[in-house]
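The structure appears below as C-alpha cells.
Residues take their numbers from the sequence shown, with the count starting at 1. Bear in mind that the values here come from a model prediction, so they are computed numbers and not experimental data.
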Amino acid sequence: MAGTTEDLIDRRRLRGKLRFWRVAAVAVVALAVLAVPIFGWKGTILPREQIARVAIEGMILEDRKLLDLLERLKDEDAVKAVVLRIDSPGGTTVGGESIYEAVRAIAAVKPVAAEVGTLAASAGYMIAAGADHIVARRTSIVGSIGVIFQYVDASSLLNTIGVEVNAIKSAPLKAEPSPFAPASEEAKQMIGRLVMDTYDWFVALVAERRGLSQADTLVLADGSVFSGHQGLESGLVDALGGEDEVRAWLEAERGVPAGLEFVDREPEEEDEGFFSIFTAARSGVFAALGLDPSAASLEDALLRRAGHLDGLVSLWQPSRTRVTLQ
C-alpha cells in the first residue's frame with residue numbers, strides 16, 4: 001500500500017512538472033509572437049522616429065561604410081530627416097562626388113540639411129551643396145571651390161645624389177608628370193585640361209544647387225575661402241547658427257514633426273576581436289608619430305603622410321609647398 005501511495009505522489013509530481021513546462025513553453029511562444037512587431041529579426045529594437053545626424057569629418061575619401069550608412073538612412077522609415085555635420089577641408093574629388101550623390105539620393109525622399117562646424121571647404125563644401133539647406137556659424141569657413149593636381153619634381157635631388165632614372169614609354173605623355181624629371185609643357189597642358197574639366201563640373205554643380213548664375217559662381221570659385229557670414233551674403237550658406245536653426249528649418253519648412261531627437265548615426269564597424277585591438281593600437285602609434293593613422297603598415301604610413309592624396313584633389317590647403325594647378 002505504501003508503495004502504491006508513493007507511486008501516486010510521484011505521478012502527481014511528474015504531472016505537475018509537465019504542466020509547468022507546457023505553460024512555460026506556451027509563454028515563450030507568446031512572447032516571441034508579441035516581440036515580432038517590436039523587435040527586428042536581428043534582435044534589436046526597431047528605431048524610434050528621429051532626425052539622423054551623420055558626422056563627415058577630416059579627409060574625404062570614397063568611404064564605402066559611410067556610403068552604406070547613407071543608403072540605409074535613405075530607406076529607414078523612422079528617419080524623418082538627415083543632418084550632415086560637416087567639418088572637413090576636403091579630399092579627393094571622387095570621394096566628394098560619391099558622397100554628394102548619396103546625399104542627393106536621400107534628398108529625393110526626405111529632407112537633408114548641412115550643419116557646418118569649423119570648416120566645409122572644397123570637397124567638404126561640395127557635399128554640403130548636396131543638402132537642401134546649409135547652416136554655418138558666423139566664423140565657420142566655407143568655399144574653396146576648385147580642383148588641384150599635385151606632383152613632385154625630385155630631379156634636382158636625384159642629380160645631387162647621383163641617381164638617374166630611365167624609362168621606356170609607349171608614348172611621351174605616359175606616366176606624366178613624373179617625379180624623376182621636370183614636367184614637359186605637353187604634360188602640364190594635359191593635366192591642365194584634366195583639372196579644368198573637373199573644375200567646370202564643380203562650378204556647374206554649385207551654381208545649380210545654390211541657385212546662382214554661372215558668372216556669380218565663377219567669382220566665388222577662384223579658390224577663395226569665406227566666413228559663414230560672407231557665405232550667407234554671397235549665397236553659399238542659407239542661415240547662420242547651429243542645431244536650433246537646423247531644427248527650425250526642418251519643422252517650419254519641411255514639415256518634420258516637432259521635438260524629434262537628433263540621433264548620431266555612425267558607419268557600422270566589423271567586430272574583429274583581437275585584430276581590432278591591434279589595429280587600434282597601430283593607428284595610435286602612427287598618429288603619435290605624425291603619420292597617417294589609417295595606413296595598413298609602417299611602409300604605407302611613411303609613404304603617405306596625413307594630407308597626401310593621389311589623383312585629383314579638391315582640398316583647402318592654407319599653406320601650399322607643393323606644385324599645384326588650380
Is there a side-chain contact between [X] and [Y] (heavy atoms, below 4.5 Å)?
X      : Y      : value
Ser227 : Thr139 : no
Ile106 : Leu70  : yes
Ile134 : Leu236 : no
Gln214 : Val203 : yes
His229 : Glu233 : yes
Leu67  : Ile99  : yes
Phe226 : Ile141 : no
Arg209 : Arg104 : yes

Can you tell me if [X] uses its side chain to pair, donor with acceptor, with the backbone of [Y] under 3.5 Å?
X      : Y      : answer
Lys110 : Lys74  : yes
Thr160 : Ser156 : yes
Tyr100 : Ala131 : no
Asp132 : Val112 : yes
Glu101 : Ser98  : no
Glu245 : Gly242 : yes
Asp216 : Leu212 : no

| said: I'd like to check the salt bridge (charged side-chain N to carboxylate O under 4.0 Å, His left out) partners of Asp63; sequence neighbours left out, ordered by chain and number. | reply: none
| task | Would you please name every residue forming a salt bridge (charged side-chain N to carboxylate O under 4.0 Å, His left out) with Lys80, sequence neighbours left out? | result | Glu49
| request: Go through Glu76 and Arg265 one step at a time and tell me if the salt bridge (Lys or Arg N to Asp or Glu O under 4.0 Å) criterion holds. | output: CA-CA 12 Å; Glu76 282 189 22; Arg265 302 291 296 272; 2.7 Å; yes
Can you tell me how far apart [atom1] ([X]) and [atom2] ([Y]) are? Round to the nearest 0.5 Å.
X      : Y      : atom1 : atom2 : result
Glu71  : Leu66  : CD    : CG    : 12.0 Å
Met126 : Leu205 : CE    : CG    : 6.5 Å
Asp153 : Leu158 : CG    : CG    : 9.0 Å
Gln230 : Ser140 : CD    : OG    : 12.0 Å

On a heavy-atom basis, which atom in [X] and which in [Y] lie closest, and how many Å separate them?
X      : Y      : result
Tyr125 : Val142 : CD1-CB, 4.3 Å
Gly91  : Ala123 : N-CB, 3.6 Å
Ser213 : Ala207 : O-CB, 4.4 Å
Ile86  : Ala114 : CD1-CB, 4.2 Å
Ala258 : Glu251 : CA-OE2, 3.3 Å
Leu69  : Pro267 : CD2-N, 3.6 Å

| remark: Using a 4.5 Å side-chain heavy-atom cut-off and chaining through intermediate ILVMFWY residues, the residues clustered with Val219 come out as none
| message | Can you list, by chain and residue number, the hydrophobic cluster partners of Leu260 when the side-chain cut-off is 4.5 Å? | response | Ile51, Val83, Val135, Val246, Trp249, Leu250, Val256, Phe262
| side-chain contact (heavy atoms from CB on, under 4.5 Å) assessment of Gln50 paired with Val79 | CA-CA 5 Å; Gln50 62 185 254; Val79 173; 4.2 Å; yes
Given the rule that I, L, V, M, F, W and Y join up when any side-chain heavy atoms are under 4.5 Å apart, are [X] and [Y] in one cluster?
X      : Y      : value
Leu84  : Val263 : no
Phe149 : Leu173 : yes
Ile191 : Met196 : yes
Tyr151 : Phe180 : no
Ile161 : Val165 : yes

| said: Regarding Asp68 and Arg64, does a basic nitrogen lie under 4.0 Å from an acidic carboxylate oxygen? | reply: yes
| field | Charged N-O contact under 4.0 Å between Glu261 and Arg48 | value | yes
| task | Only counting residues at least two apart or in another chain, list the ones meeting side chain to side chain donor-acceptor pair (under 3.5 Å) with Glu176. | result | Lys169
Check residues 52-62 and write down every donor-acceptor pair under 3.5 Å in which the side-chain atom is one partner and the other belongs to a residue at least two apart or another chain.
{"unit_1": "Arg53", "atom_1": "NE", "unit_2": "Asp264", "atom_2": "OD1", "d": "2.7"}
{"unit_1": "Arg53", "atom_1": "NH1", "unit_2": "Glu243", "atom_2": "OE1", "d": "2.6"}
{"unit_1": "Arg53", "atom_1": "NH2", "unit_2": "Asp264", "atom_2": "OD1", "d": "3.3"}

| request: Step through the shown structure and confirm whether more than 12 heavy atoms of other residues, nucleotides or ligands are within 6.0 Å of CG on Asn159. | output: yes
| query | With no hydrogens and no angle check, do the side chains of Ser144 and Ser122 hold a donor and an acceptor under 3.5 Å apart? | reply | yes
| task | Go through the steps to decide whether Glu268 and Arg72 satisfy the test side-chain contact (heavy atoms from CB on, under 4.5 Å), and finish with yes or no. | result | CA-CA 11 Å; Glu268 291 183 353; Arg72 289 197 304 274; 3.6 Å; yes
